[in-house]
Amino acid sequence: MTSLSADDSYLDHYGFSHDPFAARVPGFKFFPAQRKPVLGQLHHLARYSQLLLVVTGPEGSGKTLLRQALVASSNKQAVMSVVITPQGTADSSAVLQQIGQALNIQHADFDGVMAQIVQLALTGQEVYLLVDDAEQLTGAAVETLLRLAAGSPEARPHVFLFGEDSLVSRLEALVEGEERFHVIALQPYEEDETREYLAQRLEGAGAGLETLSEEQIARIHEQSGGWPGAINLVAREELIEAIKHSKTRKTVKGWPFPLPMKHLLAVLAVLCIIAVAFLLRGGEDEPEVQMNTPLALGNASRSAPESAASPVIPPESPSKIEFETPAAAEPANTDSALTTAVEPANDVSKENSATTAHQDGAAPSPAVTQKEAPAPVVQPAPEPVVPETPAPKTPEVVRPAAQPAPAASAHSAWYAEQGGNRYLVQILGTRTEKNAQTLVAQRGSDYRYFVKEHEGKPLYVVTFGNFANRAAALAAIKTLPAALQSGKPWARSFASVQKEMRK
């Protein structure tokens, strides 16, 4: 897949207020349940352990977000947090220089830094040294941080290194078997967490999770391995690929012929020549029939035309053709409540219309023959035509299925009245409104549905509940019947629903 910049066409196509999968989105914070115990463990070890603490994970695994959460959740009155972010390879002197600047030390060497840390400890203040991208540290810089973490009898800083897995092997080589550090390895998101992460990213940009199909969500989770940085990349590529495919489909739909124009014109010219030749040949054959007929009749008896008329116009032929029409129209009368969409019914009615038109075009042939041979045997033919009158009613049976039910507009008003900061649970989306009506009728008053446009067609979205916040909506998902939970319902704000309805 080819990456594209988040230009106006990309944002306009999906109606995004900004690129939801950009590397840095201001104000975006997603902290899944599995990371909360890790944060608590870091606080606990910082308080009671004398070891350097290492958090590992691949690029884009959420290490920086965890570091930000650690700083934000620390007691600002009792903790001074010093964040070090190496710009390329960082040696020991560069690390001490950054620490010295944060602690207002003029001579930023090891002894000067330790002396300042002791002074802060006497005033009741601890120091957290947090290093992002720690795999970029040189061996000497890592050794200096190990010495700082060991501290002195008077005080010690709490050192946290956030880096890739390769950092661990370098630490092991430096400590030579001594227990001087502790490693916490981050785990990737589960599929439910990936779904929730995607939903929160899309909602922040003014859209919803339905922007992605179930197949796309599963593919994003599989290809990203559940790591948030990779989720952003794969999700963005999926959206861009969807734009490309939609443009390709429009192009094919607008010009369905794969041949070049000059070749197509040549084919049409050949077809015209064949058609003219066929008409001329038909015109030459017709006089021969008219000339031969009197000769044949002249040699026969006077009653011969009457007897010859019987095989030419079988009385049963018109009745068979007429009675086949209602039989072919019967499939259009099927009314499946949950699986039949409006489009198939329309296709059936079109086929019936085509069949009737074909029959009407064939009707003049026996009529001409009747004039040439008005035998009394032909008169019973109109009698079986009487049952044919129900045939034109076939389109009337199909049309009511396409009429929208009034419940959607009533529910739409309800959605519009709710506060945009409240939440609901989206159960499913369906192309057939009757499916949504059936589910709402079966489940009760807490279930409703609204109508939105998705890929140029109406989508009927069933929702559950009205909750004060996202946490309450997520808790409600666990109370849903197992049949509904299997569809992976998710929490979303009323504001996002109202925006979709306005579109």
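What you see is a predicted model, and the numbers here were worked out from it, not measured in a lab. Worth knowing before you read on, the calculation uses all heavy atoms, side chains too, and leaves out hydrogens, waters and symmetry mates.
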### Task
Heavy atoms only: give me the nearest Thr194-His221 pair and the separation to one decimal.
OG1-ND1, 2.8 Å

### Query
Are Glu164 and Ser166 linked by a side-chain donor-acceptor pair shorter than 3.5 Å?
no

### Query
Okay, side chain of Gln116, backbone of Gly112: is any donor-acceptor separation there less than 3.5 Å?
no

Determine all donor-acceptor pairs shorter than 3.5 Å in which one atom belongs to a side chain in residues 82-106; sequence neighbours excluded.
| residue | atom | partner | partner atom | Å |
| --- | --- | --- | --- | --- |
| Asp91 | OD1 | Ser93 | OG | 3.1 |
| Asp91 | OD1 | Ala94 | N | 3.0 |
| Ser92 | OG | Thr144 | OG1 | 2.7 |

### Task
Would you please name every residue forming a ring pair (Phe, Tyr, Trp, His ring centres under 6.0 Å) with Phe160, sequence neighbours left out?
Tyr128

### Query
Do the non-hydrogen side-chain atoms of Met501 and Ser412 ever get within less than 4.5 Å of each other?
yes

### Query
Looking at OG of Ser152 and CZ of Arg147, how far apart are the two atoms once the value is rounded to the nearest 0.5 Å?
12.0 Å

### Query
Just checking, is any N or O donor in the side chain of Glu193 or Gln34 under 3.5 Å from an acceptor N or O on the other one?
yes

### Task
Any chance you could lay out the side chain to side chain donor-acceptor pair (under 3.5 Å) test for His182 and Ser49, step after step, and finish with the verdict?
CA-CA 9 Å; His182 178 76; Ser49 174; over 6 Å; no

### Short N-O contact, Lys244 and Glu241, less than 4.0 angstrom
yes

### Charged tip of Arg195 within 45° of Trp490 ring normal and under 6.0 Å
no

### Query
Should the pair Phe450 and Tyr415 be assigned to parallel (<30°), tilted (30 to 60°) or perpendicular (>60°) ring geometry?
perpendicular

### Query
Between the side chain of Ser493 and the main-chain N/O of Arg422, is any donor-acceptor distance below 3.5 Å?
no

### Flag if over 12 foreign heavy atoms under 6.0 Å of NZ, Lys478
no

### Task
Among Leu53, Leu66, Leu45, find the residue that satisfies the side-chain contact (heavy atoms from CB on, under 4.5 Å) test when tested with Ile184.
Leu45

### Message
So does Ala149 get a backbone contact from the side chain of Arg156, meaning a donor-acceptor N/O pair under 3.5 Å?
### Response
yes

### Heavy-atom closest contact (Val234 atom, Gln223 atom, distance)
CG1-OE1, 3.5 Å

### Query
Is the distance between the ring centroids of Trp227 and Tyr197 less than 6.0 Å?
no

### Message
Under the side-chain hydrogen bond (donor to acceptor under 3.5 Å, both in side chains) test against Ser496, which residue among Lys499, Gln498, Arg492 passes?
### Response
Arg492

### Whether over 12 other heavy atoms sit under 6.0 Å from Arg470 CZ
yes

### Task
Please step through side chain to side chain contact (heavy atoms under 4.5 Å, CB included) for the pair Val71 and Gln68, ending with a clear verdict.
CA-CA 5 Å; Val71 173; Gln68 292 172 346; 5.9 Å; no

### Task
Show your working on side chain to side chain contact (heavy atoms under 4.5 Å, CB included) between Leu137 and Leu167 and close with a plain yes or no.
CA-CA 9 Å; Leu137 298 174; Leu167 180 63; 5.7 Å; no

#### Entry: Closest non-hydrogen atom pair, Ser81 against Leu130
CB-CD1, 4.0 Å

### Message
Give me the atom names and distance for the closest heavy-atom approach of Gln77 to Gln125.
### Response
O-NE2, 4.2 Å

### Query
If every non-hydrogen atom of Leu186 is compared with every non-hydrogen atom of Gly62, which pair is closest and at what distance?
CD1-C, 4.2 Å

### Message
Could you tell me if Gln442 and Tyr447 have a donor-acceptor pair between their side chains, going purely by distance under 3.5 Å?
### Response
no

### Task
Using a 4.5 Å cut-off on heavy atoms from C-beta on, say whether the side chain of Leu209 contacts that of Gln426.
no

### Task
Calculate, to the nearest 0.5 Å, the distance between atoms CG and CD belonging to Leu428 and Glu214 respectively.
10.0 Å

### Query
What distance separates Phe21 CZ from Arg201 CZ, expressed to the nearest 0.5 Å?
7.5 Å

### Message
Under the criterion side chain to side chain contact (heavy atoms under 4.5 Å, CB included), I'd like the reasoning laid out for Met80 against Leu120: C-alpha separation, chi angles, the key distance, then a yes or no.
### Response
CA-CA 9 Å; Met80 175 182 287; Leu120 291 171; 4.2 Å; yes

### Task
Kindly indicate whether the side chain of Phe181, heavy atoms from C-beta on, has any atom under 4.5 Å from the side chain of Leu174.
no

### Query
Can you list the steps and then say if Tyr14 with Ile243 is a side chain to side chain contact (heavy atoms under 4.5 Å, CB included)?
CA-CA 9 Å; Tyr14 293 103; Ile243 295 177; 3.6 Å; yes

#### Entry: Aromatic centroids of Tyr449 and His411 separated by under 6.0 Å
yes

### Query
Quick one: CG on Asp446 to CG on Leu424, what's the gap to the nearest 0.5 Å?
12.0 Å

### Query
Is the backbone N or O of Gly226 less than 3.5 Å from a side-chain atom of Ser224, with the two atoms forming a donor-acceptor pair by type?
yes

### Task
Could you list all the salt bridge (Lys or Arg N to Asp or Glu O under 4.0 Å) pairs where at least one residue sits in residues 55-67, not counting sequence neighbours?
Arg67-Asp132

### Message
Working to the nearest 0.5 angstrom, can you tell me the gap between Thr430 OG1 and Leu439 CG?
### Response
9.5 Å

### Message
Restricting to non-hydrogen atoms, name the atom on Ala436 and the atom on Tyr460 that form the minimum distance, rounded to 0.1 Å.
### Response
CB-CB, 4.0 Å

### Query
If we only count heavy atoms from C-beta on, is the Arg448 to Val440 side-chain gap below 4.5 Å?
no

### Message
Within the 4.5 Å heavy-atom criterion, are Leu52 and Arg180 side-chain neighbours or not?
### Response
no

### Query
Should we say atom CD of Glu190 is surrounded by more than 12 heavy atoms from elsewhere, each under 6.0 Å from it?
no

### Task
Hey, could you give me the CG/CE distance between Leu148 and Met114, rounded to the nearest 0.5 Å?
6.5 Å

### Query
Do Arg443 and Pro481 touch side chain to side chain, with heavy atoms closer than 4.5 Å?
yes

### Query
So Phe467 and Phe464, would you call those rings parallel, tilted or perpendicular, with 30° and 60° as cut-offs?
tilted

### Message
Is it the case that the side chain of Arg35 and the backbone of Gln187 share a donor-acceptor pair, with hydrogens and angles ignored and the cut-off at 3.5 Å?
### Response
yes

### Flag side-chain contact, heavy atom, 4.5 Å: Phe494 against Asn466
yes

